[in-house]
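Just so we're clear, the structure is a prediction, and the values are computed from it rather than from any experiment.
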Amino acid sequence: MNQVLVTGANGFIGQSLCPLLQARGWRVRAALRSPAAAPTLADPVIIPVIDSRTDWTLALAGCTAVIHLAAGTQTPSRGAAALAALRELNVNATLNLARQAAAANVRRFIFISSIKVNGESSRPGQPFTEADPPQPHDAYALSKLEAEQGLREIARQTGIELVIIRPPMVYGLGAKGNFATLTRALRRGWPLPLDALHNQRSLIGVDNLADFIVTCLEREQAANETFLVSDGHDLSTTELVRALARAMAVPAHLLPVPAWLLRAAGTLLGQRPAVQRLCGNLQLDMAKARSRLGWVAPLSVDAGLRRSVAPEGGP
């Protein structure tokens with residue numbers, strides 16, 4: 001039975017991925033920062049600190065693959081200090097793991113990057129593709145891009161098979177950020193000024209992403225490729241809120257406020273990036289995932305949203 005090391009195994013994505021890996025016949029070695037965080041997996045390994053000096057020798061022993069989920073998304077620092085902190089977490093620590101994995105004869109290294117490497121927004125009718133030049137706009141996105149570049153060089157030098165996955169917003173039970181904010185607002189019955197948005201955004205349910213990661217682990221055609229992946233059904237913010245309300249079986253109290261007015265208010269209140277994520281387009285083209293791997297999301301958006309609000313998971 002093949003064994004895979006999963007970093008960030010007890011995180012949002014890891015909690016969906018690890019049980020699926022086990023169900024597909026993989027032995028999962030879960031890298032965790034503390035024993036208290038250990039999920040119900042047969043082979044946890046405690047890695048208290050993940051940085052450029054971490055010794056992965058014991059964790060990698062016997063593994064044929066690595067799925068690197070662990071990452072830093074925020075830092076209390078700003079500017080150059082923030083970028084330096086995220087480089088240590090997302091670049092230096094990642095490349096340290098990849099070098100040790102190659103030395104340990106690991107065959108495949110899967111890196112979960114971000115669509116933010118492509119940019120914060122796409123032009124109407126022009127979804128991002130894997131061939132587009134990167135346009136990172138913040139320290140997090142830049143650190144992910146630099147990690148990708150370093151990993152490609154390690155793969156070139158060592159022969160380890162590299163797979164890079166750039167997902168958009170990942171939703172599901174336990175998701176944070178804008179998705180959690182929308183869920184909370186709907187649950188409390190708050191009126192939302194989101195009934196006049198005609199943007200289009202790609203997103204992916206955590207169970208669909210887990211399925212795609214396992215597909216990239218098992219398919220030879222994924223080796224040394226970069227993939228953009230989504231549910232395959234883009235939504236406007238208005239459509240997303242209404243679909244989420246249906247999944248929660250609550251009314252959606254939406255007000256028809258024009259996008260230009262929301263953007264102006266966001267600028268005035270110092271929340272321009274957050275408002276842009278609600279109003280702007282961010283689409284990705286997943287034709288490569290379909291054509292090269294034959295992958296189609298197993299769950300529809302509606303099914304994924306039901307699972308995201310149901311404690312035991314919906315149908």
Side-chain angles (χ1 to χ4, degrees), residues 1-9 11 13-14 16-32 41-45 47 50 54-71 90-114 117 130 144-167 170 204 206-229 286 288-295:
M1 182 184 295
N2 288 328
Q3 181 163 272
V4 56
L5 172 66
V6 179
T7 70
I13 298 172
S16 292
L17 174 63
C18 291
L20 181 60
L21 284 166
Q22 290 180 308
R24 296 273 190 97
W26 285 83
R27 288 183 56 200
V28 178
R29 180 167 293 160
L32 308 166
L41 293 171
D43 194 14
V45 58
I47 306 290
I50 297 178
T54 302
D55 184 353
W56 292 95
T57 304
L58 294 179
L60 289 166
C63 291
T64 58
V66 171
I67 301 172
H68 188 41
L69 301 175
N90 295 340
V91 183
N92 300 338
T94 298
L95 302 187
N96 173 55
L97 171 58
R99 290 188 190 98
Q100 293 186 49
N105 295 316
V106 167
R107 182 174 64 88
R108 183 164 294 188
F109 191 101
I110 298 178
F111 178 61
I112 308 305
S113 185
S114 169
V117 168
E130 293 85 354
K144 284 292 192 178
L145 172 60
E146 291 178 353
E148 289 186 12
Q149 293 169 334
L151 287 170
R152 290 192 184 98
E153 180 60 22
I154 290 172
R156 187 189 67 80
Q157 293 175 354
T158 66
I160 192 172
E161 296 174 355
L162 173 65
V163 184
I164 295 170
I165 301 172
R166 295 181 190 162
V170 183
I204 187 166
V206 67
D207 295 306
N208 284 340
L209 178 56
D211 186 85
F212 185 73
I213 293 170
V214 178
T215 298
C216 288
L217 181 64
E218 295 178 340
R219 299 282 177 86
E220 288 299 326
Q221 297 91 330
N224 301 310
E225 297 288 350
T226 297
F227 294 100
L228 308 189
V229 64
M286 54 176 294
K288 181 178 176 180
R290 290 193 182 106
S291 62
R292 191 166 186 85
L293 303 179
W295 188 82

Asp207 and Phe212: CA distance, side-chain angles, deciding distance, side-chain contact (heavy atoms from CB on, under 4.5 Å) verdict: CA-CA 9 Å; Asp207 295 306; Phe212 185 73; over 6 Å; no
Reported [atom1]-to-[atom2] distance for the pair [X] and [Y], which is rounded to 0.5 angstrom:
| X | Y | atom1 | atom2 | answer |
| --- | --- | --- | --- | --- |
| Asn224 | Leu162 | CG | CG | 6.5 Å |
| Asp55 | Ile47 | CG | CD1 | 8.0 Å |
| Ile165 | Ser114 | CD1 | OG | 12.5 Å |
| Leu209 | Ser16 | CG | OG | 9.0 Å |
| Arg107 | Asn2 | CZ | CG | 7.0 Å |
| Asn92 | Glu146 | CG | CD | 9.0 Å |

Check: Glu153/Gln157 side-chain N/O donor and acceptor closer than 3.5 Å: yes
Are side-chain heavy atoms of [X] and [Y] found at a separation under 4.5 Å?
| X | Y | answer |
| --- | --- | --- |
| Glu161 | Glu220 | yes |
| Phe111 | Val66 | no |
| Val206 | Leu17 | no |
| Val163 | Glu225 | no |
| Val229 | Trp295 | yes |
| Ile110 | Leu217 | yes |
| Val106 | Leu60 | yes |

side-chain contact (heavy atoms from CB on, under 4.5 Å) between Ile67 and Leu21, worked out: CA-CA 11 Å; Ile67 301 172; Leu21 284 166; 4.1 Å; yes
Taking all atoms of both residues into account, what is the closest heavy-atom pair of [X] and [Y], and its distance?
| X | Y | value |
| --- | --- | --- |
| Leu95 | Gly150 | CD2-C, 3.6 Å |
| Pro19 | Gly14 | CD-O, 4.1 Å |
| Lys144 | Val117 | CB-CG2, 3.8 Å |
| Ala59 | Cys63 | O-SG, 3.5 Å |
| Ile160 | Ala98 | CD1-O, 4.5 Å |
| Val91 | Ala147 | CG2-N, 4.0 Å |

SB check Arg152 Glu148 (cutoff 4.0 Å): yes
Glu130 bridged to Lys288 by N-O distance under 4.0 Å: no
Tell me whether [X] contacts the main-chain N or O of [Y] through its side chain, where contact means a donor paired with an acceptor under 3.5 Å.
| X | Y | answer |
| --- | --- | --- |
| Arg29 | Val4 | no |
| Arg99 | Ile154 | no |
| Arg166 | Thr226 | no |
| Thr7 | Leu69 | yes |
| Arg108 | Cys216 | yes |

Trace of the side-chain contact (heavy atoms from CB on, under 4.5 Å) decision for Thr94 with His68: CA-CA 8 Å; Thr94 298; His68 188 41; 3.1 Å; yes
Test side-chain contact (heavy atoms from CB on, under 4.5 Å) applied to Phe227 and Ile164, step by step: CA-CA 6 Å; Phe227 294 100; Ile164 295 170; over 6 Å; no
For Phe109, ring pair (Phe, Tyr, Trp, His ring centres under 6.0 Å) partners two or more places apart: none
